[in-house]
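Here the structure is laid out as structure tokens; the discussion comes afterwards.
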Amino acid sequence: MTYKIAVASSEGMQVNETFGSATRFLVYTVMEDAISAPEERIYVSEFADKNCTPANSCCNGNGGGNGTQNCGGSAGVMAKVALVDDCRCIVYRKIGFQVQK
């Protein structure tokens, strides 16, 4: 049996991104006897030009944002879900209200 796991990580070493603020997912394919090198999937928001980073967190810890920041609101959440919808499991630091709905 083969399946995929997505990990939200800004630098590839730790699970350090919330689902809402994640712009990069590392997708591992898990097979019976091996785990593949990660495939990098990048989320690019229509608000990317606002220069939002973990330091100035335009998402303000809110997974969905308000639609005027880098998070992209509920449309941004749905775009991220689509980015990893072939994965059996998603690992992230925490998830916000928009995705829980």
Donor-acceptor contact below 3.5 Å, side chain Arg41 vs main chain Leu83:
yes
Arg88: partners by side chain to side chain contact (heavy atoms under 4.5 Å, CB included), with sequence neighbours left out:
Met1, Tyr3
I'd like to know if the side chain of Lys80 reaches the main chain of Tyr43, judged simply by a donor and an acceptor atom lying under 3.5 Å from each other, with no hydrogens or angles considered.
no
Common cluster, Val7/Ile35, ILVMFWY with side-chain heavy-atom separation under 4.5 Å
yes
Smallest heavy-atom separation, Ser21 atom then Thr18 atom, equals OG-OG1, 2.8 Å
Any donor-acceptor pair under 3.5 Å from Lys4 side chain to Val30 backbone:
no
Starting at CG of Leu26, measure out to CE of Met13 and round the result to the nearest 0.5 Å.
11.0 Å
List the steps and the verdict of side-chain contact (heavy atoms from CB on, under 4.5 Å) for Ile5 and Val91.
CA-CA 8 Å; Ile5 297 175; Val91 182; 4.1 Å; yes
With sequence neighbours excluded, tell me which residues meet side chain to side chain contact (heavy atoms under 4.5 Å, CB included) with Ile90.
Ala6, Phe19, Phe25, Val84, Tyr92
Tell me if a side-chain donor or acceptor on Asn16 pairs with a main-chain N or O of Arg93 at a distance below 3.5 Å.
no
Verify salt bridge (charged side-chain N to carboxylate O under 4.0 Å, His left out) between Glu17 and Arg24, making sure each step is shown before the conclusion.
CA-CA 9 Å; Glu17 293 283 352; Arg24 174 180 169 206; over 6 Å; no
Main-chain N/O of Val15 paired with Ser9 side-chain donor or acceptor, under 3.5 Å
no
Using a 3.5 Å distance criterion without hydrogens, assess whether the side chain of Thr2 forms a donor-acceptor pair with backbone atoms of Met31.
no
